[in-house]
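Residue numbers begin at 1 in each chain, while the letters A, B, ... track the order of the sequences.
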Number of protein chains: 2
Amino acid sequence: EKSNGKRIPPPVVHYHMNNVTSSADPLGNRETILILTPLARFYQEYWDNLMKLTYPHELITLGFMIPKNREGNAATAALQEQITKTQKSGPMKDRFASIIIERQDFDPPLASQNEAERHKMENQKARRAAMSRARNSLLFTTLGPSTSWVLWLDSDIIETPSTLIQDLAAHDKAIIVPNCFQRYVDPKTKQPAERPYDFNSWQDSDTARDMAEKMGPDDILLEGYAAMATYRTLMAYMSADGGDPRQEIALDGVGGTALLVKAEVHRDGAMFPPFPFYHLIETEGFAKMAKRLGWSSTGLPNYKVYHYNE
Amino acid sequence: EKSNGKRIPPPVVHYHMNNVTSSADPLGNRETILILTPLARFYQEYWDNLMKLTYPHELITLGFMIPKNREGNAATAALQEQITKTQKSGPMKDRFASIIIERQDFDPPLASQNEAERHKMENQKARRAAMSRARNSLLFTTLGPSTSWVLWLDSDIIETPSTLIQDLAAHDKAIIVPNCFQRYVDPKTKQPAERPYDFNSWQDSDTARDMAEKMGPDDILLEGYAAMATYRTLMAYMSADGGDPRQEIALDGVGGTALLVKAEVHRDGAMFPPFPFYHLIETEGFAKMAKRLGWSSTGLPNYKVYHYNE
Ligand SMILES: Nc1nc2c(ncn2[C@@H]2O[C@H](COP(=O)(O)OP(=O)(O)O)[C@@H](O)[C@H]2O)c(=O)[nH]1
Ligand SMILES: Nc1nc2c(ncn2[C@@H]2O[C@H](COP(=O)(O)OP(=O)(O)O)[C@@H](O)[C@H]2O)c(=O)[nH]1
Ligand SMILES: [Mn+2]
Ligand SMILES: [Mn+2]
């Protein structure tokens, strides 16, 4: 920025927002993708899967938000090692356009990141509020005027089709979410099997609406807890053997493990409410907020991505 | 980005968000300021006032969002002319760190920008929803991980103290708003006089809360209209001759003509709701949303900035 002691400001940059398309053919239109990952733990399988995405890496920017605790330090070091390998010495086609790592300025509310502790019902509000703030912070500071799409991808998503971006974008939807499953070994048959993992993608129910109406202003509805039966229609249970992966359903709530959003939706103001918004928070609240802004959510019950199994 | 045909990605950038301070001494801490201006019309007086701000320009980035219509084209040309003068041939100390001009991808809802038309009560909801989207779009695409403060400054604010940034920041508040007045010539005395301009900075009232409670979910409360008497306490009427410019009051709603916000508040997710949020939109809704995120708003009744008089 300085040459012979003088500060030479960069030329003014002009952006015409209507030239920033987010179309069914992002590759043909050379649209830029921002992949955002809140990351508490680093999994090698996540990175390997990311590397295999066939969307041109030179059109992809990666953004990470990592807690500033001991586990976060370890995750940062492991991530940085992979990044260095890819960006410095890896083949040209593997290299991403740019990578931003942000370290969080607040502590995660839970001491433990293990699955049982994370999923306790009484921990959800504080945990998901913190997750929302991490997501917002990452989003607000990395979205640029020339970003076409934002792909939210959790750090424990370890398997997706390599054409994930093209496949999701082809639907040309404002917000689109695949079905998030988990592989496991069936203890009875000892055979590999799979089960639904993410219950945040749903269609609303009268029961849930009634429950919401009777709640206090700061109460939240949670999905996937027997103690709070909402009778919503869950995308998790709507996949069919041999079902068309392109089948679309309308959704009222979305999960964020893998989630493709047109940048325009976020630019309009859609964020992840850390406070109860129509009694919803985080990604579920995001879908509701987007709806208030005029944008709908779509789910793909038969298009699967896989979550790590601890 | 390319040298001898090879793409060399920039090195990964690390940000420690807790090192990004927004303190009472921004100058001492070399904190960066992002000045954001939604701009429908260009006023030379706005630019001249901006140029006189004594906060080091090299720590200031300017961001503009301009409609893509005929008036917007004219405004862009006039703005660009001033920018070129400053950034290319002006004295080094006048030059800003960087400048971004974004052209809006949706049309303003009103055909006319004249004051009478703008302020008609029935035009408020659509007009302020569009303003919210313009503000959000500008905010989401320009806020960076190293921004400390965001100063919202309307394009028709033509007079402020030259120490505006230092003065406001010195209060060390999450959200702080000066009192926005307008100079005019008193038709009776023919003498120069001033009157309150912005009625969006207020303390809530029981009446307003009762009105909100009886409203439909999509209705909004508006301030400054006789047909909707809210009995809120308006900062506009709280200035006193010779009053202490440092006097603080707590606010529930804020105006956005000049408004200093710690970047952290926006990063948490505080945006300008284009939809009724607790029956509030735009800057008033912003204050309410910030409150839901745990951040309070402060007003300075005796610290004045001045709005253009058409
Ligand atoms: N930055 C940040 N990321 C987090 C935090 N907690 C979890 N994550 C990440 O956020 C995503 C979702 O969290 P996770 O615990 O996997 O949620 P679950 O799968 O619903 O139990 C994953 O990518 C985590 O690595 C946190 O406190 N801060
Ligand atoms: N980008 C954009 N800016 C606008 C639009 N309408 C007004 N503005 C700007 O937004 C700010 C507030 O609008 P203004 O009409 O002055 O509001 P008022 O003073 O409350 O009547 C000013 O800086 C305007 O130049 C719009 O449709 N798009
Ligand atoms: Mn997970
Ligand atoms: Mn104005």
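Residue with the most contacts toward chain B among A:Asp218, A:Leu62, A:Asn19: A:Asp218 (heavy-atom pairs, distance under 4.5 Å). Here B:Ser137 is the residue among B:Ser137, B:Ser132, B:Gly294 with the most heavy-atom pairs under 4.5 Å with chain A. Ranked by heavy-atom pairs under 4.5 Å with chain B, the list A:His266, A:Glu264, A:Met65 is led by A:His266. Of the listed residues (B:Leu138, B:Thr142, B:Ile100, B:Asp268), the greatest number of heavy-atom pairs within a distance under 4.5 Å of chain A belongs to B:Asp268.
For the side chain to side chain contact (heavy atoms under 4.5 Å, CB included) criterion with B:Arg292, the lone passing option out of A:Pro276, A:Pro273, A:Pro274 is A:Pro276.
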Before you tell me yes or no, could you show the steps for B:Glu102 and A:His14 under side chain to side chain donor-acceptor pair (under 3.5 Å), namely the whole-Å CA-CA distance, both residues' side-chain angles and the distance that decides it to 0.1 Å?
CA-CA 6 Å; B:Glu102 298 181 0; A:His14 288 258; over 6 Å; no
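If you look at B:Phe275 and A:Phe277, their ring centroids are closer than 6.0 Å.
Considering only residues two or more places apart in sequence or on other chains, B:Tyr55 meets the ring pair (Phe, Tyr, Trp, His ring centres under 6.0 Å) condition with none of them. A search for ring pair (Phe, Tyr, Trp, His ring centres under 6.0 Å) contacts involving A:Phe42 returns nothing, not counting sequence neighbours.
A 4.5 Å side-chain heavy-atom check between A:Phe140 and B:Leu139 finds at least one atom pair inside the cut-off. Between A:Val12 and B:Gln80, some side-chain heavy-atom pair lies under the 4.5 Å cut-off. Proximity of A:Val13 to B:Ile99: side-chain heavy atoms (C-beta onward) are nowhere separated by under 4.5 Å.
Shown here for B:Met271 and A:Gly269, the closest heavy-atom pair between the two residues is CE-O, 3.3 Å. Nearest approach of A:Asn18 to B:Asp105, heavy atoms of both residues: N-CB, 3.5 Å. In terms of heavy-atom proximity, B:Thr141 sits nearest to A:Pro145 at O-CD, 3.3 Å.
Of the two parts of B:Ala130, neither the backbone nor the side chain holds a non-hydrogen atom closer than 4.5 Å to a non-hydrogen atom of chain A. Proximity to chain A is limited to the side chain of B:Ile83, based on heavy atoms less than 4.5 angstrom apart. Proximity to chain B is absent for every atom of A:Thr84, based on heavy atoms less than 4.5 angstrom apart.
One finds the CE atom of B:Met17 at 11.0 Å from the NZ atom of A:Lys68 (value rounded to the nearest 0.5 Å).
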